[in-house]
S.K.: 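For reference, the structure I am asking about is given below.
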Amino acid sequence: MAVYALVDCNNFYVSCERAFNPALEGKPVIVMSNNDGCAVARSAEAKAIGVGMGEPAFKLRHLVDSHGLIMLSSNYALYGDMSERVMSVLATFSPGAEIYSIDECFLDLDGMPVDNLTAWSQQVRATVRRWTGIPVSVGIGTTKTLAKLANRLAKKSKKANGVLDLSRDARWIEAALKQTPVGDVWGIGRQYAALCGVNGIRTAFDLTLQPDGWIKKTMGAVGLRTVMELRGTPVHTLDTAPSDKHTTCCSRSFGASVTEFEQVHDAVMTFASRAAEKIRGEGLVSGAVQVFAYTDRFRPDQPQFSLNSMIRLSPPTSSTPHIIGAALKGLKSAWRDGYEYKKAGVIMLDLVRPEDIPRDLFSPPPESGARPTALMAAVDGINGKMGKGAVGFGLVPDDAPWKMRCSNRTPSFTTSWDDIPVVKA
DNA sequence: TCTGGGGTCCTAGGACCC
DNA sequence: TCTGGGGTCCTAGGACCC
């Protein structure tokens, strides 16, 4: 029988910040999205004073004075590094581990020589906490969806103390399903939750009682798989070797909206350059680049416009100048004056390993464009040694108006020599 | 003044072919 | 009079996830 654990870090970004700044313990703390736009992680104390997930930062400023809310800019270098540490600890507990997101990991517990999974899970929690400083919760179930559901309840219940094992007792599973609002099920988002509500389906348990035909019709094949998993039939297996990405994207909202072509041009050039670095880092080449830019959707009083353009890359490449050239060509062809642009981005499509490029009689040999050139290798090498942006193509001024706002970022404690904390005697 | 970024999968519909 | 149908490929859009 399949048994899965889902280990999920509590309030992960806030917990990372607390690991290096214990003064944040016990206080309402949030971490904001890029551009300091909205709350993406909240401490328990912040949730308690009513801070919602995704709530815009400007609506929260008053809580700084009234409740001592601490609002931090996001520090992805720190979170990425802390995530690797947590995952490497978890890997010591089970040979089968799937890193599902920056703060979640599925473990395969099938055939583990453990008779008390709750006690074992408490040991996992204690070890991760001691070795990394990050608090985690553990949910266990016979399907991934049930493990997710167990994890959510493990976090909510004081009695559970961070661990809930739903793998043994059918009555517990039923009780858990009845306690879970249908919208909190993994795979049931806003739209499907609303559809369920209209049809009188309130809990996960209600959902398991619906006929397959109705589920398939209203929530598609994906929805049906979710319900099968809720009923205890495993559909999703552990994926320990994630396959290569098919697309990758580099996009940002601008710190301030811009109207001039030159500004959007510079932003697109920067994003294209980063996107190229990213795919080289994963050993991939791209067969097409898509560029987009659009106006501020939160300003209905302003004229709205969205531009979008795709340029094929033949042969597929990861070379920065080729990719920048294509992205700018796309931007030029779709550009329209007279709008306040608020966001732009570059998407790399049709990613493949160079050796897997489909070839025909007329394809040039792969060496001529598919592999990173010596120049690209040198650029990446220098940036690896000297720091990001030491050398590059089309570098733009730091004070460009479209650049991100980020007023309250903590140091990169674990990934930058200059930022390593110093212990004072 | 101020609302994130990066992914996946599925489905419907159109173009095209025989 | 009678006006096919099945397959494939591609794209756009919509749902979901963290």
Side-chain angles (χ1 to χ4, degrees), chain A residues 6 8-9 11-13 30-41 51-62 64 71 73-76 79-80 83 98-106 144-145 148 151-152 182-196 215-226 235-236 239 242-257 271 274-275 278-279 282 287-288 290 292 294-302 306 308 310 312 340 342-351 358 401 404-408:
Chain A
L6 175 67
D8 189 321
C9 302
N11 317 328
F12 181 55
Y13 298 169
I30 63 164
V31 172
M32 292 176 286
S33 63
N34 282 319
N35 261 320
D36 295 345
C38 59
V40 293
V51 178
M53 184 64 178
E55 199 164 347
F58 71 89
K59 289 188 180 170
L60 299 173
R61 306 257 180 238
H62 70 279
V64 173
M71 302 171 72
S73 301
S74 42
N75 183 346
Y76 286 101
Y79 313 147
S83 174
E98 172 189 345
I99 298 171
Y100 176 68
S101 73
I102 194 165
D103 69 337
E104 286 169 276
C105 184
F106 285 104
K144 285 178 156 186
T145 304
K148 271 274 204 186
N151 189 290
R152 176 181 164 280
V182 71
D184 287 338
V185 172
W186 186 41
I188 307 294
R190 275 234 312 276
Q191 304 296 322
Y192 292 161
L195 271 174
C196 285
I215 295 162
K216 176 93 195 277
K217 189 167 56 108
T218 44
M219 310 193 308
V222 182
L224 185 54
R225 289 205 277 268
T226 292
V235 179
H236 302 300
D239 184 10
S243 43
D244 289 329
K245 280 190 273 205
H246 301 131
T247 66
T248 197
C249 172
C250 184
S251 76
R252 290 288 181 279
S253 295
F254 300 152
S257 56
F271 302 154
R274 264 188 239 155
K278 217 153 112 176
I279 64 171
E282 299 179 33
Q290 191 177 356
F292 64 86
Y294 47 81
T295 48
D296 190 344
R297 68 200 159 101
F298 294 105
R299 295 290 302 271
D301 55 308
Q302 293 179 344
S306 162
N308 203 316
M310 191 185 69
R312 296 251 162 230
E340 300 221 8
K342 182 63 181 164
K343 178 170 177 167
V346 170
I347 307 173
M348 310 301 309
L349 306 163
D350 300 342
L351 299 179
M404 253 186 359
R405 281 190 309 270
C406 175
S407 57
N408 198 15

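Just the heavy atoms: all of them, side chains too, but no hydrogens, waters or symmetry mates, feed the values below. Here is how names work: the chains are called A, B, and so on, in the same order as the sequence lines, proteins then strands, and each is numbered from 1. Worth saying up front: this structure is predicted, and the values here are computed from it rather than measured.
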S.K.: Compare the minimum distances between each of dC10(B), dC18(C), dG4(B) and the side chain of Asp103(A), then state the nucleotide with the smallest one.
M.R.: dC18(C)
S.K.: Which nucleotide wins on minimum distance to the side chain of Arg299(A), given the candidates dT8(B), dG6(B), dC2(B)?
M.R.: dC2(B)
S.K.: When the distance from CD of Glu55(A) to P of dC2(B) is rounded to whole Å, what number comes out?
M.R.: 17 Å
S.K.: Between atom OH in Tyr76(A) and atom C1' in dG7(B), what is the gap in whole Å?
M.R.: 14 Å
S.K.: Taking 4.0 Å as the cut-off, does a side-chain nitrogen or oxygen of Arg225(A) come that near to OP1 or OP2 on dC9(B)?
M.R.: no
S.K.: Between Lys343(A) and dT3(B), is there a side-chain N or O to OP1/OP2 distance below 4.0 Å?
M.R.: no
S.K.: Is Glu340(A) paired with Arg299(A) through a side-chain N to carboxylate O contact shorter than 4.0 Å?
M.R.: no
S.K.: Work out which heavy atom in Gly187(A) is nearest to a heavy atom in Tyr192(A); give both atom names and the distance.
M.R.: O-CD1, 4.1 Å
S.K.: Measuring from the side chain of Gln191(A) (C-beta onward, heavy atoms only), which nucleotide among dA15(C), dG4(B), dT3(B) has the closest atom?
M.R.: dA15(C)
S.K.: Rounded off to whole Å, could you give me the OH-to-C1' distance for the Tyr13(A) and dG5(B) pair?
M.R.: 9 Å
S.K.: Please work out if Glu104(A) contacts a base, only the sugar-phosphate, or nothing of the nucleic acid, heavy-atom cut-off 4.0 Å.
M.R.: sugar-phosphate
S.K.: Hunt down the Watson-Crick or G-U wobble partner of dG13(B), both distances under 3.5 Å, from any strand shown, or write none.
M.R.: dC10(C)
S.K.: Given the rule in the side chain to side chain contact (heavy atoms under 4.5 Å, CB included) test, do Phe12(A) and Val31(A) qualify, once you have shown the distances and angles that lead to the verdict?
M.R.: CA-CA 10 Å; Phe12(A) 181 55; Val31(A) 172; over 6 Å; no
S.K.: First locate atom CD of Glu55(A), then atom CG of Leu60(A), and finally report the distance between them rounded to the nearest 0.5 Å.
M.R.: 4.5 Å
S.K.: Testing the basics here: between Cys250(A) and Arg274(A), what is the closest heavy-atom pair and its distance to 0.1 Å?
M.R.: SG-CB, 3.9 Å
S.K.: Should Arg252(A) be listed as having a side-chain N or O under 4.0 Å from OP1 or OP2 of dG6(B)?
M.R.: yes
S.K.: Under 4.0 Å between a side-chain N/O of Ser74(A) and OP1 or OP2 of dG4(B), yes or no?
M.R.: no
S.K.: Could you tell me how far apart Glu340(A) (CD) and dT1(B) (P) are, to the nearest whole angstrom?
M.R.: 14 Å
S.K.: Looking for any heavy atom pair under 4.0 Å, which part of the strands does Ala221(A) touch: base, sugar-phosphate only, or nothing?
M.R.: sugar-phosphate
S.K.: For a quick check of understanding: with a heavy-atom distance under 4.0 Å over all strands, which category does Ile102(A) fall into, base, sugar-phosphate or nothing?
M.R.: nothing
S.K.: For dC16(C) and Lys148(A) - does any side-chain N or O of the residue sit under 4.0 Å from the phosphate oxygens OP1/OP2?
M.R.: no
S.K.: Using a heavy-atom cut-off of under 4.0 Å over every strand shown, decide if Val31(A) touches base, sugar-phosphate, or nothing.
M.R.: nothing
S.K.: Closer to the 5' end of DNA chain B via nearest nucleotide, is it Val222(A) or Lys245(A)?
M.R.: Lys245(A)
S.K.: Whether Ser251(A) contacts dG6(B) is assessed here as follows: a side-chain N or O lying under 4.0 Å from the phosphate OP1 or OP2. Is that the case?
M.R.: yes
S.K.: Could you check how far CG of Asp8(A) sits from P of dC17(C), rounded to whole Å?
M.R.: 14 Å
S.K.: Quick one: label Arg312(A) by what it contacts on the DNA or RNA (base, sugar-phosphate, nothing), any heavy atom closer than 4.0 Å.
M.R.: sugar-phosphate
S.K.: Could you check whether Lys59(A) gets within reach of a base, just the sugar-phosphate, or nothing at all, counting any heavy atom under 4.0 Å?
M.R.: nothing
S.K.: So how far is it from Lys343(A) NZ to Asn35(A) CG, rounded to the nearest 0.5 Å?
M.R.: 10.0 Å
S.K.: Give the intermediate values and the outcome of side chain to side chain contact (heavy atoms under 4.5 Å, CB included) for residues Thr295(A) and Gln302(A).
M.R.: CA-CA 8 Å; Thr295(A) 48; Gln302(A) 293 179 344; 5.9 Å; no
S.K.: Name the nucleic acid region contacted by Arg297(A), choosing base, sugar-phosphate or nothing; use a 4.0 angstrom heavy-atom cut-off, strictly under.
M.R.: sugar-phosphate
S.K.: Within the structure, does a side-chain N or O atom of Ser101(A) lie under 4.0 Å from either OP1 or OP2 of dC17(C)?
M.R.: no
S.K.: Taking atom C1' in both dC16(B) and dG4(C), compute the distance separating them and give it to the nearest angstrom.
M.R.: 15 Å
S.K.: If you only use heavy atoms from C-beta on, which nucleotide in dG4(B), dG7(B), dT3(B) is closest to the side chain of Phe58(A)?
M.R.: dT3(B)
S.K.: Rounded to whole angstrom units, what separation is found between the CG atom of Asp244(A) and the P atom of dT8(B)?
M.R.: 10 Å
S.K.: Which comes earlier along DNA chain B counting from the 5' end, the contact point of Val40(A) or that of Cys249(A), where each point is its nearest nucleotide?
M.R.: Val40(A)
S.K.: What integer number of Å spans the P atoms of dT3(B) and dC17(C)?
M.R.: 25 Å
S.K.: So, does Ser253(A) get its side chain near the phosphate of dT3(B), meaning an N or O under 4.0 Å from OP1 or OP2?
M.R.: no
S.K.: Please give, in whole Å, the distance from dC18(C) P to Glu98(A) CD?
M.R.: 13 Å
S.K.: Report the distance from atom OH of Tyr192(A) to atom P of dC9(B), rounded to the nearest whole Å.
M.R.: 15 Å
